[in-house]
J.: 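I'd like to ask some things about the structure below.
Values reported hereafter were calculated over all heavy atoms of this structure, with side chains retained and with hydrogens, waters and symmetry mates removed. Residue numbers start from 1 in every chain, and the chains themselves are labelled A, B, ... in the order their sequence lines are given, proteins ahead of strands.
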There are 2 protein chains.
Amino acid sequence: MGRQMTEMLKGTLEGIVLALLTGKPAYGYEITTLLRDRGFADIAEGTVYALLVRTEQKGLVDVEKRPSEKGPPRKVYTLNTQGDEYLKEFWTTWSFLAERLEQLRDEGN
Amino acid sequence: MGRQMTEMLKGTLEGIVLALLTGKPAYGYEITTLLRDRGFADIAEGTVYALLVRTEQKGLVDVEKRPSEKGPPRKVYTLNTQGDEYLKEFWTTWSFLAERLEQLRDEGN
DNA sequence: TCGTCTACTTAGCGTTACTATGTACTGGTA
DNA sequence: TACCAGTACATAGTAACGCTAAGTAGACGA
């Protein structure tokens, strides 16, 4: 992973994961594959699990343990009301930043 | 400053500052005011100075000391060739991220 | 003299993503 | 049976970055 991308993901990866959870609950391993499918090929598993633990501690997601046919039990994460609220703030913050950056890039010639 | 914004600025603030330097050299204090004018009202001075030190150590900018009429001498930063290269990479990285996020937001309903 | 504006510096902190490694279960195959 | 790949989660240690807070220092007006 490039250094720039690593730093840029700080703060955004959380939003990305929460956005992936809107409407459809998912478990950690599943989320890492979803991320890979979306082009985030180099995000380490450990990163995702640590992030999920944090979001749970912040009370943004509800967790349910379900047996798997293929391995250890899955921890299924569901976005709750607080998480939805938090995600809205995320989009607001991101929009602000994206607008300023777009403007800067346009000026760049 | 919101926690989300603080985290999101990691990685992007550097690009923002380098972008501000394209074409027109500037000194630290000036850059903080430029940032404020652009809506980044809450970015601490210390943050900017530390960032400038880092960019200098990475060899992305050239520095020149010039006397000021109103206080201590200014350290004027100019984007050099390496910095320009780095900024290009920044835009590439950011575009990638912005596209994925835009897509995610669109799906969000 | 005091406060304000200009201008830069730095030590310590919290948060985050990455690296690396480990545990544990299932199923296929040699 | 032994081994390996795939599934699924966990965690200790590290690097990088932005923030807080405090400081130094010069110019200038009240």
J.: With a sphere of 6.0 Å drawn around CZ of A/Arg3, does it hold more than 12 non-hydrogen atoms of other residues, nucleotides or ligands?
T.: no
J.: If you pin B/Tyr77 and A/Pro73 to their nearest nucleotides in DNA chain C, which one's is more 5'?
T.: B/Tyr77
J.: Considering residues at least two apart in sequence or located in another chain, which fulfil the salt bridge (charged side-chain N to carboxylate O under 4.0 Å, His left out) criterion with B/Glu7?
T.: B/Lys10
J.: For DNA chain D, determine which residues of residues 24-32 of chain A have any heavy atom closer than 4.0 angstrom to one of its atoms, and list them numerically.
T.: A/Tyr27, A/Gly28, A/Tyr29
J.: Are any of the side-chain heavy atoms of B/Tyr86 and B/Leu18 separated by less than 4.5 Å?
T.: yes
J.: Roughly how many Å is it from CG in A/Leu97 to P in D/dG18, rounded to a whole number?
T.: 11 Å
J.: Sequence neighbours excluded and cut-off under 3.5 Å, please list the side-chain donor-acceptor pairs for residues 57-69 of chain A, or say none.
T.:
| residue | atom | partner | partner atom | Å |
| --- | --- | --- | --- | --- |
| A/Lys58 | NZ | A/Glu14 | OE2 | 2.6 |
| A/Asp62 | OD1 | A/Asn80 | ND2 | 3.2 |
| A/Glu64 | OE1 | A/Arg66 | NH2 | 3.3 |
| A/Ser68 | OG | A/Lys70 | N | 3.0 |
| A/Ser68 | OG | A/Gly71 | N | 3.4 |

J.: Round to the nearest Å and state the distance from B/Tyr49 atom OH to C/dC8 atom P.
T.: 4 Å
J.: Can you measure B/Lys75 atom NZ to C/dT6 atom C1' for me and round it to whole angstrom units?
T.: 16 Å
J.: Less than 3.5 Å apart, which donor and acceptor atoms pair up between the side chains of residues 37-46 of chain B and the rest of the protein, not counting sequence neighbours?
T.:
| residue | atom | partner | partner atom | Å |
| --- | --- | --- | --- | --- |
| B/Arg38 | NH1 | A/Glu107 | OE2 | 3.3 |
| B/Arg38 | NH2 | A/Glu107 | OE1 | 2.6 |
| B/Arg38 | NH2 | A/Glu107 | OE2 | 3.3 |

J.: Give me each pair satisfying ring pair (Phe, Tyr, Trp, His ring centres under 6.0 Å) with a member in residues 61-82 of chain A, each pair once, sequence neighbours excluded.
T.: none
J.: Quick one: side chains of residues 20-27 of chain A, donor-acceptor pairs under 3.5 Å with protein atoms, not counting sequence neighbours, listed by atom name and distance.
T.:
| residue | atom | partner | partner atom | Å |
| --- | --- | --- | --- | --- |
| A/Thr22 | OG1 | A/Ala19 | O | 2.6 |
| A/Tyr27 | OH | A/Arg74 | NE | 3.4 |
| A/Tyr27 | OH | A/Arg74 | NH2 | 3.3 |

J.: Out of curiosity, A/Leu97 CG to B/Ile16 CD1, how far, rounded to the nearest 0.5 Å?
T.: 5.5 Å
J.: What is the distance from NZ of B/Lys65 to P of C/dT6, rounded to the nearest Å?
T.: 20 Å
J.: Dump every N/O contact between nucleotides 27-30 of chain D and the protein below 3.5 Å, one line per pair.
T.:
none

J.: Treat primed atoms plus P, OP1 and OP2 as sugar-phosphate and everything else as base, then score nucleotides 14-21 of chain C 5' to 3': B for base contact with protein heavy atoms under 4.0 Å, S for sugar-phosphate contact only, - for none.
T.: BBBSBB--
J.: Sequence neighbours left out, what pairs pass salt bridge (Lys or Arg N to Asp or Glu O under 4.0 Å) with at least one residue falling in residues 84-102 of chain B?
T.: B/Glu102-B/Arg105
J.: Starting at CZ of A/Arg74 and ending at P of C/dT26, how long is that distance when rounded to a whole Å?
T.: 13 Å
J.: Round to a whole Å and report the spacing from CZ of B/Arg36 to P of C/dA7.
T.: 13 Å
J.: Could you pull out all residues at least two apart from A/Tyr29 that satisfy ring-ring contact (aromatic ring centres under 6.0 Å, His included)?
T.: none
J.: Name all residues meeting the side chain to side chain contact (heavy atoms under 4.5 Å, CB included) criterion together with B/Thr93; count only those two or more places apart in sequence or in a different chain, and write none if there are none.
T.: A/Gln4, A/Met5, A/Met8
